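None of the values given here were measured: they were computed from a predicted structure. Here is the naming used below: chain letters follow the sequence lines, and residue numbers restart at 1 for every chain.
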Amino acid sequence: MNPILEIIRSLVENAGTDLRRAVSLAAAMAIESGSQQEILRELESPTNLGSRWLRAALTERAHGAGAAKPLWEEVVDQNGCEIPDVMLHCARMLARSGDINGAAAMIRIALHNSREYDLYIRAETVARKCRTGFGSKRRVKVALLSSSTTSLLRGVLELQFLRDGLEAEFYEPPFGTYFQELLRTDSGLKFFAPDYTVLLLNWRDLGLSGIAANGAESERAIERVKEMWQAAMELPSGKIIQTTFTPPQFDANYELSSLMAHGKCRTIRSINEALYEARGDRVILVDCERIAAAWNGKWEEPLLWSSAKVYPAPAVLPTLGEHIASCVRTELGLARKLLILDLDNTLWGGVVGEDGLNGIQLGPPSAIGERYQEFQQYLKDLKERGVLLALASKNNREDAMEVLLRHPSAVLRTDDFVSMKVNWEDKVTNIRKIASELRLGLDSIVFLDDNPAERSAVRRELPEVIVPELSGEPAESIAALECGLYFQAVRLTDEDRTRNASYFASARQAEMSKSVGNVEDYLAELSMRIDCGAVDAETSIRVTQLINKTNQFNLTTPRYSHEEVEARMKSPQFWCRWYRLKDRFADHGLIGVLIAQVTGKHWNVDAWLMSCRVIGRGVESFMFRDLVQFARESGADRITARYIPTSKNVLVAQLLPQFGFAETGKTGDFVLDVSSAKLSECKFLREAKVA
Amino acid sequence: MVMSTLLQLNIIFQEVFDDPQLVVEPGTSSSDLADWDSVAQVKLVLAIEEVFGIRLSSDELSSIHTVGDFMTAVARYKS
């Protein structure tokens, strides 16, 4: 084989992480050596991402965008994840062919899935050309006041705002004039009247000594920042977004910088603390110490500070921009509200329908299981502060519910979800249904799924929904979800904490109101499972409890002690049964009791009662059928029963006639001829072991 | 090597300025391209550092004015 082909091939196949660079190099080499056609023949059945990428790139050069388009669509990584660089390239092609909307949609996805500054640089110009394609509905005016160069940050923010449907107008005062701009009454800033004033300062502005003699420097610095806030607040309606200070990476005082009361590092922390205390309603602080910690020494680039006054390092800008943009989003009410989750390989490892309750990976001792459990805890924490969780999963409902109800390591339980669409319908339909049930817009939804095909379908059909890429590696799920800061909040109210409960109730009500229109559909959707058995030592306590506290659905309202129940349970003269019910919302546990006294061929109903929580589900029909079947088997010819009215049990006044019992003439006494009893079908109650 | 460096630089320039028709030569300077301002300069440097996997020095940062200067800088690291 031609040695150059060999080189080019091994270049893209062994490129590792920096694939874009390798492909660009390989393409340049192919063109330079004039071996494009030969390489393309070589790459007819590409084996990995690098060769698929190269094939698309060379095809585009040789045969044009049209021929390359289907090839570009195949360029996804081994986990099926979209490559932001490739999406950006496709956006460029679409933009050139005049499809501005298509290009904007691609750029949006690329920007949602990348925090690489390199990508932002390359996206800037093409995004501006496609500006109208983003369909921005709102305008926002942002002033960037900083002791550093703001134009790089501005480029990043502009892209992030465009992506989020915001047309931003920026004001950047001349370098080095931010303080005067704030204080002067006739400045460009005052004329601009920003909605948001971003104040990006750094430790150099504080003028701190290595170890100061006293707290004077610190107090002066705090006063200066407050003075700026004061001035910014004189602007008509604006809010201030202030970044906190980070200690310099290098400090000749080493640990002393924090150990000494007035060491630089400690002083910077105390300044931040003072700013948090003093901030009030109109100032939002972005915690840069936390961001810097995650960037591990890469937060600043001394060289670029000296040559171009760039702060922080360009690589950090997309992350910092995301923090700022997310604060603006949440202030405008554009933060996402609802997270819709898949189950298998998203909330636990494995497929419950195949691996079973005990076969899936969730919780220790499996390392992967621990990652999934930690992810569930993270989601639970989101829920606790007001983010709504819902499920859209292709699964047998029973299998999925079993995990949520019974798995010992599951953190998320059925009542953590405001809606659960666990069925075999497509995800797009289910997401639409959840949105309309909760009366939320699609633009308040984030959807998380490990399956690239599902993600792609949702992105295509529901572009308003944000669909983060998941690598399938549970250790990366939290990062993939958090990096977009979709659920940013800058204050926490009691309402946030209880939001889930109220949505849960309203979702249930929506279900209920549907039942007015169509009871059968409602009952069918509940996926009820009923279980029954003879009262035994284990169930007798709960049976006693139910007998004594049930008022509404209680035919004779007996009140028996535990001993009395046990006596009946053990006596051959009594037939004692319990009933359990479970549905997709909950396991209701033991909810029904039916006891009959048997005297030869005569059965007499001694107790018939049911918990009010499951009234209207048709459980009584099931109980009636159970009774008649046993009576028949024992050779009984008649069943008698009595309705004893109380102030609360009018609900069951018609129960006996409804099942064909005839009045005996004595008020409240009924009789049923066992042979002619009609047993109704209980089609919505599946008989199955509940526990 | 020189050729492929120029080819790659050309791709970077095309991307940063979003102009697929843009052709740069070693002699192309910041005064030839209207969009090549100080912000673009930083972006070009960052993109070039990324693509070639290099880190330019303070000296180079302040002395780069033409495509040829970039080529020289890249060559220094690649030799």
Q) If you look at every heavy atom in A:L303 and B:S57, which pair is closest and at what distance? A)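 Reported closest heavy-atom pair: CD2-C, 4.2 Å.
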Report which part of [X] has an atom under 4.5 Å of a heavy atom belonging to chain B: side chain, backbone, both, or neither.
X      : result
A:S307 : side chain
A:Y120 : neither
A:R128 : neither

With a cut-off of 6.0 Å (strictly less than), are more than 12 heavy atoms of other residues, nucleotides or ligands near [atom1] of [X]?
X      : atom1 : value
A:R131 : CZ    : yes
A:K298 : NZ    : no
A:K129 : NZ    : yes
A:E116 : CD    : no
B:E25  : CD    : no

Q | Winner by heavy-atom pair count (cut-off under 4.5 Å) against chain A, out of B:L56, B:N10, B:V39, B:D35 | A |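 The answer is B:V39.
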Q) Can you check salt bridge (charged side-chain N to carboxylate O under 4.0 Å, His left out) on A:R122 and B:E50, steps first, answer last? A) CA-CA 12 Å; A:R122 286 176 288 114; B:E50 167 87 16; over 6 Å; no
**Q.** Residue from A:V310, A:D118, A:L304 passing side chain to side chain contact (heavy atoms under 4.5 Å, CB included) with B:L46
**A.**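 Going through A:V310, A:D118, A:L304 one by one, the side chain to side chain contact (heavy atoms under 4.5 Å, CB included) with B:L46 is satisfied by A:L304 alone.
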Q. What distance separates A:R96 CZ from B:D18 CG, expressed to the nearest 0.5 Å?
A.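 If I round to the nearest 0.5 Å, the distance is 7.0 Å.
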Q) Got a second to check how far A:S24's OG is from B:I12's CD1, nearest 0.5 Å? A) 7.0 Å
Q. Is A:E124 salt-bridged to B:K43, going by a charged N under 4.0 Å from an acidic O?
A. yes
(Q) Any carboxylate oxygen within less than 4.0 angstrom of a Lys/Arg side-chain nitrogen, looking at B:R55 and A:E301? (A)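 Yes.
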Q | Whether A:T125 side chain and B:V16 backbone form a donor-acceptor pair below 3.5 Å | A | yes
**Q.** Top of A:H89, A:R92, A:M29 for chain B proximity - count of heavy-atom pairs under 4.5 angstrom
**A.** A:R92
